[in-house]
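Here the structure comes first, spelled out in structure tokens, and everything after it is commentary.
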Amino acid sequence: SDLNYTMRSSLPCIKAGYETRPPMAELARMTDEQLAAVEDFCYARPGVGSVTWHGKTDVRGLRLDRIASIVDGEVALYDDVAWKPAVGDELNKPATVVLEGVKVDAKLPLADREDELIAALAEDPLLK
């Protein structure tokens, strides 16, 4: 199980039911130098969704179990704003989010949905 890999302090710590890409077994074989620059790191909850950070990510010691949550229809990072790093640091950088099983209200015109999404993002305290 991936939970066995948390013994090495430089490895990221993940929640049960989540996985990483590259897999934890592969991360466990990496040196600390390699863990400091993992290309296109992904944290996923199979059947629910995933987040892939673009470029190189320093995953050493990341407490993904505390700072990232993937639930039905939502990905949350740094719920505690006090933990949120500066833009460009840790996981506060460009990423692709995939949410599985999310249904879009097709009755709304695309422009209306887009405006609603932009308004919601503008109010998100983690994006400010």
Side-chain angles (χ1 to χ4, degrees):
S1 130
D2 283 345
L3 297 178
N4 295 331
Y5 298 113
T6 59
M7 300 304 276
R8 191 167 136 209
S9 64
S10 57
L11 287 173
C13 186
I14 67 172
K15 294 178 184 176
Y18 286 69
E19 62 188 32
T20 61
R21 286 188 295 273
M24 288 297 289
E26 187 175 330
L27 294 173
R29 290 190 297 270
M30 292 182 178
T31 66
D32 281 356
E33 185 176 304
Q34 291 169 318
L35 289 171
V38 177
E39 190 74 31
D40 295 331
F41 179 71
C42 179
Y43 188 51
R45 187 169 173 207
V48 181
S50 64
V51 184
T52 301
W53 288 272
H54 306 293
K56 295 183 186 314
T57 299
D58 183 351
V59 302
R60 293 174 299 172
L62 276 181
R63 292 298 309 262
L64 291 164
D65 60 330
R66 292 186 179 173
I67 60 176
S69 178
I70 303 170
V71 296
D72 290 333
E74 179 179 298
V75 170
L77 298 172
Y78 303 108
D79 278 342
D80 184 346
V81 178
W83 281 41
K84 183 180 173 189
V87 173
D89 289 346
E90 291 187 20
L91 303 178
N92 191 5
K93 62 183 197 162
T96 297
V97 173
V98 174
L99 298 174
E100 298 178 33
V102 175
K103 295 183 178 159
V104 176
D105 187 348
K107 293 180 263 183
L108 289 176
L110 179 58
D112 290 347
R113 292 194 308 258
E114 184 178 7
D115 291 345
E116 184 180 315
L117 178 59
I118 291 170
L121 290 172
E123 295 302 314
D124 190 332
L126 295 178
L127 298 175
K128 292 181 179 181

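Keep in mind it's a predicted model, so treat the numbers as computed, not measured.
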Could you check if a side-chain atom of [X] sits within less than 4.5 angstrom of a side-chain atom of [Y], using non-hydrogen atoms only?
X	Y	answer
Leu35	Asp58	no
Thr20	Ile14	yes
Pro22	Met30	yes
Ser69	Tyr43	no
Glu90	Leu62	yes
Trp53	Val51	yes
Lys93	Val87	no
Arg45	Ser50	no

* Ile67 and Val71: same hydrophobic cluster, using ILVMFWY side-chain contacts below 4.5 Å? -> no
* Going only through I, L, V, M, F, W and Y residues with side-chain contacts under 4.5 Å, is there a path from Val98 to Val102? -> no
Minimum heavy-atom distance [X]-[Y], with the two atoms named:
X	Y	value
Pro85	Asn92	O-ND2, 2.9 Å
His54	Ala95	NE2-C, 3.4 Å
Glu100	Gly47	OE1-CA, 3.2 Å

* Any chance you could lay out the side-chain contact (heavy atoms from CB on, under 4.5 Å) test for Arg60 and Asp32, step after step, and finish with the verdict? => CA-CA 7 Å; Arg60 293 174 299 172; Asp32 281 356; 4.3 Å; yes
Starting at [atom1] of [X], measure out to [atom2] of [Y] and round the result to the nearest 0.5 Å.
X	Y	atom1	atom2	answer
Leu99	Glu74	CG	CD	9.0 Å
Arg29	Met24	CZ	CE	12.0 Å
Cys13	Leu64	SG	CG	8.0 Å
Arg21	Glu39	CZ	CD	14.5 Å

Backbone of [Y] reached by a side-chain donor or acceptor of [X] within 3.5 Å:
X	Y	answer
Tyr18	Ile70	yes
Glu26	Pro23	no
Lys15	Ala68	yes

* Assess whether atom CG of Asp40 is packed by more than 12 heavy atoms of other residues, nucleotides or ligands within 6.0 Å. => yes
* Asked: Are Leu27 and Phe41 close enough, and set up right, to give a side-chain contact (heavy atoms from CB on, under 4.5 Å), and what steps lead you there?
  -> CA-CA 10 Å; Leu27 294 173; Phe41 179 71; 4.0 Å; yes
